[in-house]
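Let me begin by presenting the structure, written as structure tokens, before commenting on it.
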Amino acid sequence: MRNAKKVNYLQIDNTIEHIVSRPEVEVLPAAAAWQKYKWTREYFVRKPKEGYFIWLKDNSASPLLSCVSLNKKKVEQSLDNLIVIEKGVRGEMRGTCNVLKKDLAGIHQARGVVLLKEKAALDYKHFHSWGEEEIIHPSYNFILEKEARLNYLYKNVSSPKQIEIATSFRLSKGASADVKIVADCQKTTMHLRDTLVLAGDNAKGQISLRLAAREGSNVTADSEIIAEKEAKGHLDCQGLLISDKAEISLTPALVCKNKKSQITHEASIGKVSEEELHYLKTRGLTESEALKLIVNGFLEL
Amino acid sequence: MLLEIKNLTVTIEGKNVLDGINLKMKKGEVQALLGPNASGKSTLCQVLLGNPKYKVKKGKILFLGKDITKLSTSGRAQRGIALAYQYPPAVEGVTLSHLLDKISAIRKSDWQNNGLRKEEFSDSFLKRAVNVNFSGGEKKMSELLQVLSLKPRLAIFDEIDSGLDLKRIKKTAEIIKKELVEQGIAVLFVTHSGDILKFLNPDLTNIMLKGKIICQQQDYKKVLRTIKRCGYEKCKKGKLPSDR
């Protein structure tokens with residue numbers, strides 16, 4: 001990663017290369033946090049062996065940066081991560097998980113909890129960039145306490161062989177979450193499962209999916225909003241099928257347990273418009289350049 | 001010769017939409033193509049840019065002496081044929097400035113320093129997605145700026161004057177005159193109303209009806225008078241009925 005010194009947590013294969021705390025943020029290996037702070041055990045799914053703990057205690061002028069990379073062949077990563085944003089604190093986070101070389105055939109698994117305490121706010125951009133042979137299994141739970149606010153973007157810019165992502169969001173009273181999940185899949189089997197639970201009155205949440213499937217891809221997405229209290233939620237699921245040798249399956253689901261809640265969804269799967277493609281070609285772009293522009297435009301949220 | 005269309009017959013889903021079209025344009029020449037709705041004007045524009053929807057059944061298109069009938073659309077644009085669409089499609093997620101950057105990189109032009117950009121385009125407008133919720137007038141200006149950025153040898157304007165008020169048509173014509181005609185760039189105006197012609201005085205006016213060019217005249221005013229008086233059908237075999 002460029003500007004490695006600015007990164008709060010840098011892990012390559014199974015080794016922590018770089019870890020930096022600042023006065024307002026404490027960064028530890030997850031295993032050390034488990035030992036140092038007993039309260040963290042409530043959030044870690046199991047006793048961690050690798051992974052990070054990031055605790056933002058006060059507002060920060062610069063974003064928190066994490067980077068977890070694969071560099072050697074057939075490495076298996078199994079991370080347990082915990083991110084905590086303290087009460088009333090506002091933070092930004094940029095997380096990158098990637099490969100540094102081609103043909104590594106690695107495995108990356110991550111179980112994470114992101115806890116936003118009361119009135120905390122987090123803008124979190126999470127980028128994945130993998131090689132053709134990786135197998136990826138991230139699973140994240142976002143817990144939003146009263147009046148917490150989350151903007152979350154997950155973007156998969158280079159897809160692996162196989163990826164299963166499970167993400168859940170639990171929103172307490174007055175909390176809000178704007179979730180965007182974007183993936184450009186090629187020769188990939190992708191399964192997304194995202195659940196947003198409106199657990200408190202006046203909670204507000206939206207999940208937007210933009211999934212592009214190129215040749216050899218099979219993309220399935222099961223998205224669900226559950227309204228337990230008087231709250232608002234919206235699911236916006238859109239797929240773009242680029243090849244006849246690809247498949248997209250979108251299943252939006254709404255579960256309503258409160259008669260005053262308002263939850264809605266929309267879902268569509270489209271193809272690349274020949275008219276748009278031709279229009280861009282009249283501007284001098286080649287077929288592949290025009291296609292790239294259209295797909296990137298679709299993935300722009 | 002810049003452009004030479006020879007006996008061009010074009011079909012869509014087996015039906016002839018252009019029938020034996022012949023048209024020549026010299027470098028720097030300004031021509032008009034007039035015709036009623038569904039006469040094939042926009043089809044000819046699309047065929048000149050190689051839209052795969054249309055099949056060339058017979059004939060050839062030569063550009064600068066080279067046969068481009070089978071050349072790709074981007075190849076034609078890169079050789080200097082630019083088209084301003086009548087109804088440009090919306091391209092979600094692609095900002096106008098990003099598209100102009102792409103065009104400028106391909107054609108080695110500088111759209112940012114174009115007078116039209118400075119005068120007509122705010123930064124916030126340039127950040128909008130191409131043709132998404134653009135008004136009719138905004139689409140025309142966007143098409144014009146794209147055409148200028150393409151540094152064309154031949155600029156084709158498909159109904160650039162439709163939906164614009166007279167003041168706006170005059171302004172558009174002035175820009176085209178300054179940026180293209182006076183720079184020696186050939187321009188083909190495809191127009192239903194002919195409103196823009198009074199500001200540009202074409203060297204030759206072609207009349208198209210039912211997929212054929214039925215008349216070619218140097219005096220566009222005479223053509224417009226005839227159409228107004230007798231309709232397009234009276235412009236036959238290269239001749240116009242004499243004014244009474």
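All chains are named by letter (A, B, ...) in the order of the sequence lines, taking the proteins before the strands, and each is independently numbered beginning at 1.
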Distance-only donor-acceptor check, side chains [X] and [Y], under 3.5 Å:
| X | Y | result |
| --- | --- | --- |
| B/Asp161 | B/His192 | no |
| B/Gln78 | B/Ser74 | no |
| A/Thr96 | A/Asn98 | no |
| B/Asp158 | B/Ser42 | yes |

Subject >> Side chain, backbone, both or neither of B/Ile106 within contact of chain A (heavy atoms, under 4.5 Å) >> reply: side chain
So does [X] pair up with [Y], basic N to acidic O under 4.0 Å?
| X | Y | value |
| --- | --- | --- |
| A/Lys187 | A/Glu132 | no |
| B/Lys27 | B/Glu29 | no |
| A/Asp236 | A/Arg210 | yes |

Subject >> Partner chain B: residue of A/Ala290, A/Ser273, A/Gly297 with the largest heavy-atom pair count (under 4.5 Å) >> reply: A/Gly297
Original post:
A/Glu300, A/Glu274, A/Glu289, A/His278: which one forms the most heavy-atom pairs within less than 4.5 Å of chain B?
Top reply: A/His278
**OP:** Apply side-chain contact (heavy atoms from CB on, under 4.5 Å) to B/Lys24 and list each qualifying residue two or more places apart in sequence or on a separate chain.
**Re:** B/Met1, B/Glu4
**OP:** Identify which part of A/Leu299 has an atom lying under 4.5 Å from any heavy atom of chain B, answering side chain, backbone, both or neither.
**Re:** neither
Subject >> Contacting moiety of A/Tyr279, where chain B heavy atoms sit under 4.5 Å >> reply: both
Original post:
Parallel, tilted or perpendicular: which fits the ring planes of B/Phe189 and B/Phe157, with parallel below 30° and perpendicular above 60°?
Top reply: parallel
Original post:
In terms of the angle between their ring planes, are A/Tyr124 and A/His126 parallel, tilted or perpendicular, with boundaries placed at 30° and 60°?
Top reply: parallel
Original post:
Heavy atoms under 4.5 Å from chain A: which residues of residues 116-133 of chain B carry them?
Top reply: B/Val130, B/Asn131
Original post:
What parts of residues 85-93 of chain B touch chain A if we use heavy atoms and a cut-off under 4.5 Å?
Top reply: B/Tyr85, B/Tyr87, B/Pro88, B/Pro89, B/Ala90, B/Val91, B/Glu92, B/Gly93
**OP:** Can you tell me which residue pairs pass the ring pair (Phe, Tyr, Trp, His ring centres under 6.0 Å) test with a partner in residues 33-79 of chain B, sequence neighbours excluded?
**Re:** none
**OP:** Determine, step by step, whether B/Lys53 and B/Ile12 satisfy the side chain to side chain contact (heavy atoms under 4.5 Å, CB included) criterion, reporting the C-alpha distance in whole Å, the side-chain angles of both residues, the deciding distance to 0.1 Å, and the verdict.
**Re:** CA-CA 7 Å; B/Lys53 203 162 91 173; B/Ile12 182 166; 3.9 Å; yes
Original post:
Who among B/Gly75, B/Ala77, B/Gly50 has the most heavy-atom pairs with chain A under 4.5 Å?
Top reply: B/Ala77
